[in-house]
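Each remark here refers to the structure printed beneath this line.
When reading the values below, keep in mind they use all heavy atoms of this one structure, side chains included, and skip hydrogens, waters and symmetry mates. First the proteins, then the strands, lettered A, B, ... as listed; each starts at 1.
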There are 2 protein chains.
Amino acid sequence: MSEPSEVIEAPHVSSADLDVGHVDALRKAIQNSDGEAIRNLLADEHPAELADRFEQLPSDDRNALVVLAPDVISPLLLAELEDEVVEDILPLLELEQISKAMKELDSDDAIQIFEELPKERHAAVLADLSEQDRKEIEDGFAFDEETAGRLMQREFVAAPEFWTVHQTIQHMRTQNEMGDDNLPDKFFDVYVIDAHFHPLGYLPLSTLMRSGPDLVLKDIMDNNLTVIKPELDQEDVAYLFEKFDLISAPVVDVDGRLSGMITVDDIVEIIQDEHTEDMLALAGVSEAGLVDTVGSTVMARAPWLFVNLLTAIAASFVISLFQEEIEKLVALAVLMPIVASMGGNTGTQALTVAIRALATRDLTPANTKRAIRREALAAIVNGLIFATILGIITLAWFDNFKLSFVIAAALVFNLFCAGLAGILVPLGLKKVGADPAVASTVFVTTVTDVVGFLVFLGLAGAFLL
Amino acid sequence: MSEPSEVIEAPHVSSADLDVGHVDALRKAIQNSDGEAIRNLLADEHPAELADRFEQLPSDDRNALVVLAPDVISPLLLAELEDEVVEDILPLLELEQISKAMKELDSDDAIQIFEELPKERHAAVLADLSEQDRKEIEDGFAFDEETAGRLMQREFVAAPEFWTVHQTIQHMRTQNEMGDDNLPDKFFDVYVIDAHFHPLGYLPLSTLMRSGPDLVLKDIMDNNLTVIKPELDQEDVAYLFEKFDLISAPVVDVDGRLSGMITVDDIVEIIQDEHTEDMLALAGVSEAGLVDTVGSTVMARAPWLFVNLLTAIAASFVISLFQEEIEKLVALAVLMPIVASMGGNTGTQALTVAIRALATRDLTPANTKRAIRREALAAIVNGLIFATILGIITLAWFDNFKLSFVIAAALVFNLFCAGLAGILVPLGLKKVGADPAVASTVFVTTVTDVVGFLVFLGLAGAFLL
């Protein structure tokens with residue numbers, strides 16, 4: 001009899017609550033060097049669950065666990081773990097365990113593990129694989145990282161266009177009985193090919209399943225096939241999957257012959273990774289991933305903090321040009337950060353919207369002009385609104401009509417520059433082939449700081465003193 | 001003969017290039033009120049492609065197009081369009097066209113369209129549907145927005161545990177021949193149920209496909225079924241799909257009976273939407289989506305700009321407490337923005353990492369303490385590094401040893417506060433049940449501005465003057 005299935009109510013709460021006790025127990029077992037207790041704590045867990053718990057451990061404990069109970073690191077667990085974690089623990093595993101994992105897993109997962117292996121162990125692991133497995137790994141490695149070629153698995157199901165539904169199903173059953181390695185663990189579409197192995201169309205398994213056994217594939221297949229070239233960047237692959245609601249897609253070689261398959265579960269991971277990359281880049285954190293130690297945290301943040309220091313000093317230099325004015329009217333020093341801060345905020349808003357619209361491809365050459373005009377106008381409108389408010393507050397605070405006029409004018413101008421910079425900087429970076437998320441923030445806030453101080457203090461010098 | 005499949009090289013470049021000319025031609029046809037030209041330009045396009053082009057148009061042109069050539073808005077196109085766009089164009093469509101779309105689409109897509117329909121048209125559209133379709137819509141609407149119940153489709157494939165593989169396939173073929181509405185357009189798993197319609201396990205179609213015809217489902221099914229309750233938030237649903245690499249998952253009712261199915265293509269959309277939400281929330285843009293006009297852009301940004309104005313004024317108030325000190329030593333005014341800016345940057349870095357780690361559930365109660373300690377220590381280390389650099393620069397610039405010591409001390413302290421605030425603010429917001437991405441930025445930068453000015457000017461007042 002089958003065990004009752006688990007009903008999950010609010011997994012983020014329940015699993016988080018569980019984690020604390022469970023992870024604590026695990027850490028205790030590790031500190032006691034109790035391999036048996038570790039195995040008991042991790043027995044019968046789903047590999048995905050196991051991976052989560054394992055990643056919750058501090059890296060020292062993780063490594064100790066691997067040494068104490070290496071058998072816990074199953075092939076499926078290795079496939080579930082984050083790349084950074086795999087990189088950490090592979091040096092602790094025996095050669096046999098690594099090559100066993102690579103033999104058992106589909107080729108895309110095997111390549112991901114191989115990627116994290118130190119170069120000096122490559123030859124030894126490859127020597128341990130079968131001729132076919134070795135070739136698959138080597139072929140995959142011929143493609144650049146983060147391309148479709150790296151991502152794809154070599155296992156897929158293809159059928160000649162003249163086969164019937166019955167023949168196709170029968171073929172898969174035979175492959176399965178013979179333990180054929182080329183049958184993927186999971187697949188969702190059958191690719192229909194011609195005599196030269198060129199894909200002509202595809203059949204979702206659900207269509208194959210409901211079609212009469214005597215129907216011929218070419219008559220029921222979907223011609224609207226999205227074929228992917230192996231050199232395509234993974235971000236573009238993800239875009240195609242999203243756009244066309246794909247579950248799997250075939251990859252072809254230079255001659256257009258079917259050579260691999262990409263499935264949607266890998267795409268979900270890529271989307272998450274790309275998103276983490278974008279967010280961290282916008283915040284000036286240079287290294288993504290599961291950063292664990294103080295040292296790596298400092299290393300990931302210091303570079304952009306240094307750039308920020310330089311731009312802040314540039315802004316200070318602008319202020320230093322107006323020391324005389326500030327000495328005469330110290331209210332300028334009190335008020336000037338408001339102009340810069342409002343500009344920075346407006347710039348960040350425009351920038352974030354632009355970065356996101358570029359990532360989702362809602363911002364294209366077809367509507368760029370409109371988007372720039374919209375940002376500029378919206379910044380002016382917001383500038384007028386907040387200039388009015390700030391002008392009134394300044395008047396009430398310092399009882400100086402000219403001062404309140406100067407700050408209002410400076411605010412409108414700075415917000416206008418901020419809105420424009422917010423959209424033009426990422427567009428410009430993209431145009432020169434750079435990642436628009438990286439460095440955009442620093443450029444934009446430099447503009448808003450420098451312009452803010454310069455215009456406010458400059459106008460004050462000209463009209464107030 | 002089947003037409004050759006399209007090989008896509010770099011879709012973001014090629015399609016973007018195409019867009020400009022194509023969208024321009026489309027806009028021209030719209031301005032000429034030439035419905036025929038519009039139809040020709042949009043003929044034979046994939047609905048996803050069509051949706052992209054349509055969304056590239058300014059909203060005025062979009063509406064004009066719908067009025068000129070309403071037949072272009074096919075059911076499949078409606079299902080592909082962004083919610084905001086559907087909301088815009090539904091008022092322009094005849095009742096018959098809307099109800100036709102809702103009849104043809106799977107129930108999850110039909111509900112999404114119904115959601116965007118003005119309330120006063122609900123009754124009329126429902127009256128036009130079949131008894132079953134109407135019930136499905138009403139049932140879906142009984143669940144809250146953004147829950148599994150809203151998201152799921154009522155069409156799925158279930159089979160009793162005692163059926164054989166052959167029986168199951170035969171059943172689907174019969175359903176298909178009879179045009180049974182309950183057979184989904186696409187599906188990936190067969191759910192195995194007991195006599196009470198409780199799900200016991202599932203069979204990926206690829207397993208069903210390769211298994212011998214006489215095998216019984218309960219012997220080959222996967223017991224490791226993730227069952228979803230209809231009230232589960234869509235973000236949690238997406239998390240389960242990611243974690244367990246799901247392609248589809250069954251939804252059950254209060255009695256644990258199978259009542260619907262969620263598929264991965266909807267999940268990919270949700271992940272993207274949640275990303276957009278997080279990024280915009282961090283930047284203080286209150287409304288996500290395809291904002292098109294200057295008015296809506298202003299509305300989406302002004303609220304958080306107003307909050308920012310208040311916090312900037314609070315920081316200015318802090319400065320105003322030290323007007324005397326600034327008058328005596330104007331270098332303070334020159335240097336103070338550096339302390340605030342470095343703090344703001346450090347806070348944003350810590351904040352973004354924390355928000356992202358919360359979203360991906362890498363930051364959990366099991367490792368929160370470690371993460372806080374890490375942020376605090378990393379901030380101190382970076383504080384010491386940049387205090388040294390800034391101290392030397394200040395000494396060289398103003399030739400004032402005490403001043404350079406004061407700014408160095410203020411920087412270390414402010415970066416420490418920034419790092420702590422960066423992780424504690426989102427954790428605190430989450431604890432009280434708020435979205436950690438919303439408002440975090442304002443809280444953190446308020447801390448770094450106020451602390452930065454207060455400590456730097458305060459120390460200067462105490463030790464320099």
* Asked: Say you draw a straight line from CG of B:D52 to OG1 of A:T364; how long is it, rounded to the nearest 0.5 Å?
  -> 9.0 Å

* Asked: Are side-chain heavy atoms of A:I355 and B:M279 found at a separation under 4.5 Å?
  -> yes

* Name the member of B:G212, B:A333, B:P58 that forms the most heavy-atom pairs with chain A at distances under 4.5 Å. => B:P58

* Structure fact -> chain A shares the most heavy-atom pairs under 4.5 Å, among B:A340, B:G284, B:A315, with B:G284

* **B:V442: side chain to side chain contact (heavy atoms under 4.5 Å, CB included) partners, not counting sequence neighbours** => B:W304, B:V307, B:T311, B:T446

* Could you tell me whether the side chain of A:I319 reaches within less than 4.5 Å of the side chain of B:P337, counting heavy atoms only? => yes

* Side chains of A:I271 and B:H275: closer than 4.5 Å at any heavy-atom pair? -> yes

* **Residue pair B:K186 / A:I247, side-chain heavy-atom distance below 4.5 Å** => no

* Can you say whether A:F306 sits under 4.5 Å from chain B via the side chain, the backbone, both, or neither, judging by heavy atoms? -> both

* For A:D185, is it the side chain, the backbone, both or neither that has a heavy atom under 4.5 Å from a heavy atom of chain B? -> backbone

* Measure distances from A:E375 to the heavy atoms of chain B and classify the residue's part below 4.5 Å as side chain, backbone, both or neither. => side chain

* Proximal component of A:I385, with respect to chain B [non-hydrogen, under 4.5 Å] -> side chain

* To do: Could you look at A:V298 and say if it's the side chain, the backbone, both or neither that has a heavy atom under 4.5 Å from chain B?
  => both

* Structure fact -> Assert top hit (heavy-atom pairs under 4.5 Å, partner chain A, pool B:E177, B:E235, B:M172, B:R210) equals B:R210

* Asked: Would A:E49 and B:K243 count as a salt bridge (charged side-chain N to carboxylate O under 4.0 Å, His left out) if you check the C-alpha gap in whole Å, the side-chain angles of each, and the deciding distance to 0.1 Å?
  -> CA-CA 8 Å; A:E49 202 75 71; B:K243 179 165 174 177; 2.6 Å; yes

* How about A:L305 and B:M342: do any of their side-chain heavy atoms sit closer than 4.5 Å? -> yes

* Part of B:S320 within contact of chain A (heavy atom distance under 4.5 Å) -> both

* **Interface moiety of A:R301 toward chain B, non-hydrogen atoms closer than 4.5 Å** => both

* By a 4.5 Å heavy-atom criterion (distance strictly below it), what part of A:T346 contacts chain B: side chain, backbone, both, or neither? -> both

* To do: Check whether any side-chain N or O of B:Q323 sits under 3.5 Å from a backbone N or O of A:A331 as a donor-acceptor pair, and report yes or no.
  => no

* To do: Over all heavy atoms of both residues, which pair between B:T352 and A:A283 is shortest? Give the atoms and the distance, please.
  => OG1-CB, 3.2 Å

* Check: B:A366 main-chain N/O paired with A:Q56 side-chain donor or acceptor under 3.5 Å -> no

* **Under 4.5 Å from any heavy atom of chain A - which part of B:L246** => neither

* To do: Please state whether the side chain, the backbone, both or neither of A:A350 comes within less than 4.5 Å of a heavy atom of chain B.
  => both

* Name the region of A:A302, side chain, backbone, both or neither, that has any atom closer than 4.5 Å to a heavy atom of chain B. => both

* To do: Can you sort out the partners of B:R173 under side chain to side chain contact (heavy atoms under 4.5 Å, CB included), two or more places apart, ordered by chain and number?
  => A:V165, A:I169, A:P213, B:I169, B:Q170

* Using non-hydrogen atoms only, which part of A:Q175 is less than 4.5 Å away from chain B: side chain, backbone, both, or neither? -> neither

* Asked: To the nearest 0.5 Å, how far apart are CD1 in B:I313 and OG in A:S341?
  -> 10.0 Å

* To do: Output, in order, the C-alpha distance, side-chain angles, deciding distance and verdict of salt bridge (charged side-chain N to carboxylate O under 4.0 Å, His left out) for B:E55 and A:R361.
  => CA-CA 11 Å; B:E55 285 166 357; A:R361 325 230 171 169; over 6 Å; no

* Asked: Just how far is it from atom OG of B:S316 to atom CH2 of A:W397, taken to the nearest 0.5 Å?
  -> 5.0 Å

* Are any of the side-chain heavy atoms of B:M209 and A:T168 separated by less than 4.5 Å? -> no

* Asked: Can you say whether A:L57 sits under 4.5 Å from chain B via the side chain, the backbone, both, or neither, judging by heavy atoms?
  -> backbone

* **Distance in Å, A:Q349 CD paired with B:N308 CG, rounded so as to fall on 0.5 Å steps** => 8.5 Å

* chain A contacts, top residue of B:P204, B:G344, B:A312, B:P184 (heavy-atom pairs, under 4.5 Å) -> B:A312

* What are the two closest non-hydrogen atoms of B:E80 and A:D245, and how far apart are they? -> OE2-OD2, 3.9 Å

* Checking A:I267 against chain B: side chain, backbone, both or neither under 4.5 Å from a heavy atom? -> neither

* Asked: Using a cut-off of under 4.5 Å for heavy-atom pairs, which of B:V353, B:L335, B:L332 has the most such pairs with chain A?
  -> B:V353

* To do: Scan side-chain atoms only and decide if B:R356 and A:Q272 contain a donor-acceptor pair under the 3.5 Å cut-off.
  => yes

* **A:F187 portion near chain B, given a 4.5 angstrom heavy-atom threshold** => both

* **Option that, when pairs with chain B are counted at under 4.5 Å, heavy atom only, ranks first among A:V268, A:T348, A:N345** => A:N345

